Colleague: 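Below: one structure in structure tokens.
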Amino acid sequence: MNLLRTAMVLALVLPGLVHAEQVAQVASPDGRTVVQLDLNGEGRLAYRVLRDGKPVINDSRLGFIFRNGRQLLRNLRLDAQATRSQDDTWEQPWGERRFVRDHYNELRATLVEKDMDQRRFDMVFRVFDDGVGFRYDVPRQPHLQQAQIVQELTEFSIARPATAWWIPALEWNREEYLYHRTPLQEIGIAQTPLTLRTADGLHLSLHEAALVDYAGMNLLHGENGVLRAMLTPGSPVPVVRETPFVTPWRTITLSDNAGGLVDSNLILNLNEPNKLGDVRWFTPAKYAGVWWALHLDRQSWATGAKHGATTANTRKVIDFAARNGLRGVLVEGWNPGWDGDWFANGWGFDFTRPTADFDLPGLAKYAAGKGVHLIGHHETGCAVSHYESQLGAALELDARNGIDVVKTGYVCDAGQIERQDAPGGPVLREWHEGQWMSNHHLRVVQEAAKRHVAIDAHEPIKDTGLRRTYPNWVSREGARGMEYNAWGNPPNPPAHEVTLVFTRMLSGPMDYTPGILSLTGRNGQEIQSTLARQLALYVGIYSPVQMVADLPEHYAQHPEAFQFIKDVAVDWDESHVLAGAVGEYVAIARKQRGAPVWFLGAMNDEHPRTLSLQLDFLEAGKRYRAEIYRDGDGADWHGDARFRFVREQKTVRRDDALALWLAGGGGAAVRFVPLPDR
Ligand code: NOJ
Ligand code: CA
């Protein structure tokens, strides 16, 4: 008797000893990945993930802590379970690939509390060959009408020793940090996507899909490799939802190699299909602008002698764009509000009229005559409610002037988004990654869609694949971009971009603003890249809007290299990672949408290396002219060696391998053009 009591007490304090019972299981279509659900003696729910029979995620808890009710995590029983399968292919209006296969097995497990309240929720697991998505589906019910979620108790108990690539969450500079590479145990609070490579070579990416009306999920390292969800704060709690509601999908992308993470479609597949219908009004395109001159401090956003967005200056940029086949011209500083300390004065921005020295309708007409469209700019300085009060009128102005892409901006420290629910009311502070901002961004995207305008958000909320549902949400920043090479201390090191490909880029497109062929920032600061590497970025860092960011006079100094930028596509039928290691190097091949032309981009960290790449993506039986832009002998990311560069041509076929030497900080870019049959 006594012994039994001791065992029961022990079982309560040492959860590991509590008897657990497996209640449900589901496997991926290829059978390699298995998810199992357990309920232990206390009625606590856990899931685990196995691959090839070996644990990847050990038993990991699920549940919620509420502000307005008891926690939901114990005393559960399985009320029902159902499985179903799907194997579908859907088409992207634009993207890294045209067709996406959505193939999974699903388990829906209904859990009910055994006590009087009998609160209930479903856990839905979708298991794909390339990973797992799961979410909570909470129905309408008498004892849970409104959920004020203090924390979601989702865990990811990583079963194997692993190296992690991550950036900190809830720090002042939002998503604009260099990535840490540490053992799993040394993660603090990380943003997602978070990338892991286990000691035995399995690659994992932890992230989320379809972040709608909910707070972004960060991951806190507890102990023994357990990563815990930590929702971004909100007022008064991270999330307030009326039932019924679903959480975003929590995602675990799995791959035997680094490239498989990049080629995965898991995040897109877990989002809802297109709600906008035909979006052919959005044209993927390259664009020019006054942007780099602003960041070099040669011109200013503010009016006055240095003002970049003047009528005369913008005409010159439109001419440059038209001459070089670039569809867009982004003009920042076009509107009132930049004079003085704009950082501190977001409530002063006017998005509905231009400054006196910027003839918007005249320029729009001038651009249209040359097949060019202006790109709008809405920097909010984080006075987000103020921006929303002008949103409709601002977008009307854009649409009237042929502006069909708008870059938005949310510059302020993390946690300093200004929200005012009623005019004259109190101003609350929100987080860029919080529930309120998840709703704000969708308000903007939906209002923009009504006017056939696409959105490219800087200082955004993280990407969770919502471009599938709202294909006018075309790009965003959300990482340390090229601007840090103008004024950052330090600038982006060679490993940064080859880390982004396997971390931030797993969430979606990035407006990195590549192509700085002058390789020089403010005050002569060297950009840690070779010339060929700047070209490779157009293929390596995907975005359907790609800036041709350098000054026209700098492109004039590098006509050979500039040819690649003019030729490179921005929309693709297929994309494949040919080779890669997280934070070290990557080579990606992409086929131009609607054309038999392929492009290849390779990028390297600071260690020179040679890649031997199989060209088996090319069509069989065809010969191609490979136009190769590569690092020249002795090229390197320091000093004049940055500019050593070779352009050469070769005839190649599908059976060939292409050897590419990459300098430290270097890269290579190739265009493959089919030759007429002989
Ligand atoms: C930060 C953005 O990332 C940058 O592209 C923009 O030029 C400035 N904010 C001003 O809006
Ligand atoms: Ca930024």
Side-chain angles (χ1 to χ4, degrees), residues 57 60-65 133-136 149-158 162 164-196 204-223 225-241 247-253 267 270 410 413-417 429-439 441 459-466 476-480 499-500 503-508:
I57 308 280
S60 299
R61 298 292 167 204
L62 298 161
F64 291 102
I65 293 182
F134 62 91
R135 72 174 174 195
Y136 302 79
I149 302 172
V150 176
Q151 258 332 310
E152 186 187 302
L153 300 174
T154 306
E155 291 178 352
F156 303 83
S157 173
I158 311 299
W165 286 265
W166 58 282
I167 52 171
L170 307 176
E171 294 282 355
W172 71 271
N173 207 14
R174 309 166 308 266
E175 297 165 319
E176 298 177 7
Y177 287 92
L178 291 172
Y179 276 76
H180 297 296
R181 177 198 162 128
T182 69
L184 167 62
Q185 278 71 17
E186 288 172 25
I187 294 175
I189 306 173
Q191 303 193 43
T192 74
L194 172 147
T195 299
L196 296 167
L204 290 82
S205 167
L206 304 182
H207 189 42
E208 58 185 309
L211 168 51
V212 177
D213 198 4
Y214 206 83
M217 178 185 72
N218 307 296
L219 293 172
L220 170 77
H221 183 249
E223 47 189 2
V226 178
L227 295 167
R228 292 213 172 94
M230 189 187 169
L231 298 176
T232 298
S235 358
V237 288
V239 177
V240 179
R241 289 294 294 270
T247 68
W249 295 93
R250 281 59 188 91
T251 62
I252 308 162
T253 309
I267 301 293
L270 289 167
Y410 299 87
D413 287 1
Q416 297 304 310
I417 295 276
R429 302 277 164 170
E430 297 282 357
W431 293 76
H432 287 74
E433 305 280 347
Q435 182 185 14
W436 193 75
M437 282 304 280
S438 79
N439 287 320
H441 284 288
E459 300 79 38
I461 193 164
K462 64 170 129 178
D463 198 341
T464 57
L466 284 164
R476 66 188 90 193
E477 188 190 40
R480 220 174 190 263
T499 304
L500 285 182
T503 52
R504 157 68 181 81
M505 297 311 296
L506 303 180
S507 71

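What you see is a predicted model; the values in this text were computed from it and never measured. Below, all heavy atoms of this structure are taken into account, side chains as well, without hydrogens, waters or symmetry copies.
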Colleague: Backbone N or O of D463 within a donor-acceptor pair of the H207 side chain at under 3.5 Å?
Modeller: yes
Colleague: Once the angle between the rings of Y136 and F64 is folded into 0 to 90°, is it parallel (under 30°), tilted (30 to 60°) or perpendicular (over 60°)?
Modeller: tilted
Colleague: Are side-chain heavy atoms of Y179 and L500 found at a separation under 4.5 Å?
Modeller: yes
Colleague: For H221 and E186, run side chain to side chain contact (heavy atoms under 4.5 Å, CB included): C-alpha distance rounded to whole Å, both residues' side-chain angles, the deciding distance at 0.1 Å, then the answer.
Modeller: CA-CA 8 Å; H221 183 249; E186 288 172 25; over 6 Å; no
Colleague: Measure from the side-chain N and O atoms of Q435 to the backbone N and O of V240, and report whether any donor-acceptor pair falls under 3.5 Å.
Modeller: yes
Colleague: Are any side-chain N or O atoms of H432 and backbone N or O atoms of A414, one a donor and one an acceptor, separated by less than 3.5 Å?
Modeller: no
Colleague: Does the side chain of I461 reach to within under 4.5 Å of the side chain of R476, using non-hydrogen atoms?
Modeller: yes
Colleague: Can you name the nearest heavy-atom pair linking I187 to A190, along with the distance?
Modeller: CG2-CB, 3.8 Å
Colleague: R241 side chain to D213 main-chain N or O, any donor-acceptor pair under 3.5 Å?
Modeller: yes
Colleague: How long is the gap from CD1 on I65 to CD on E152, to the nearest 0.5 Å?
Modeller: 11.5 Å
Colleague: Nearest heavy-atom pair of P460 and G478: which atoms, and what distance?
Modeller: CD-N, 3.4 Å
Colleague: Let me confirm one number: the CD1-CZ distance from I417 to R429, rounded to the nearest 0.5 Å.
Modeller: 10.0 Å
Colleague: Roughly how far, to the nearest 0.5 Å, is CG of L220 from CZ of R228?
Modeller: 7.0 Å
Colleague: What heavy-atom pair brings W166 and G188 nearest, and what distance separates the two atoms?
Modeller: CH2-N, 3.4 Å
Colleague: Considering only NZ, NE, NH1 and NH2 on the basic side and carboxylate oxygens on the acidic side, decide whether R504 and E175 come within less than 4.0 Å.
Modeller: no
Colleague: Would you compute the distance between atom CD of E171 and atom CD of Q191 and round it to the nearest 0.5 angstrom?
Modeller: 9.5 Å
Colleague: Just one of T464, L270, T192, L506 clears the side-chain contact (heavy atoms from CB on, under 4.5 Å) bar with T251, so which one?
Modeller: L270
Colleague: Is any side-chain heavy atom of I57 closer than 4.5 Å to a side-chain heavy atom of I158?
Modeller: yes
Colleague: What's the spacing between K462 NZ and E433 CD if we round to 0.5 Å?
Modeller: 6.0 Å
Colleague: Measuring from L227:CG to L194:CG, what's the distance to the nearest 0.5 Å?
Modeller: 6.5 Å
Colleague: Is a donor from one side chain sitting under 3.5 angstrom from an acceptor on the other, for S157 and E155?
Modeller: no
Colleague: Can you check whether M217's main-chain N or O pairs, donor with acceptor, with E208's side chain at less than 3.5 Å?
Modeller: yes
Colleague: Please work out whether the ring planes of F134 and F156 are parallel, tilted or perpendicular, with thresholds of 30° and 60°.
Modeller: tilted
Colleague: How are the rings of Y410 and H441 set to each other: parallel, tilted or perpendicular (split at 30° and 60°)?
Modeller: perpendicular
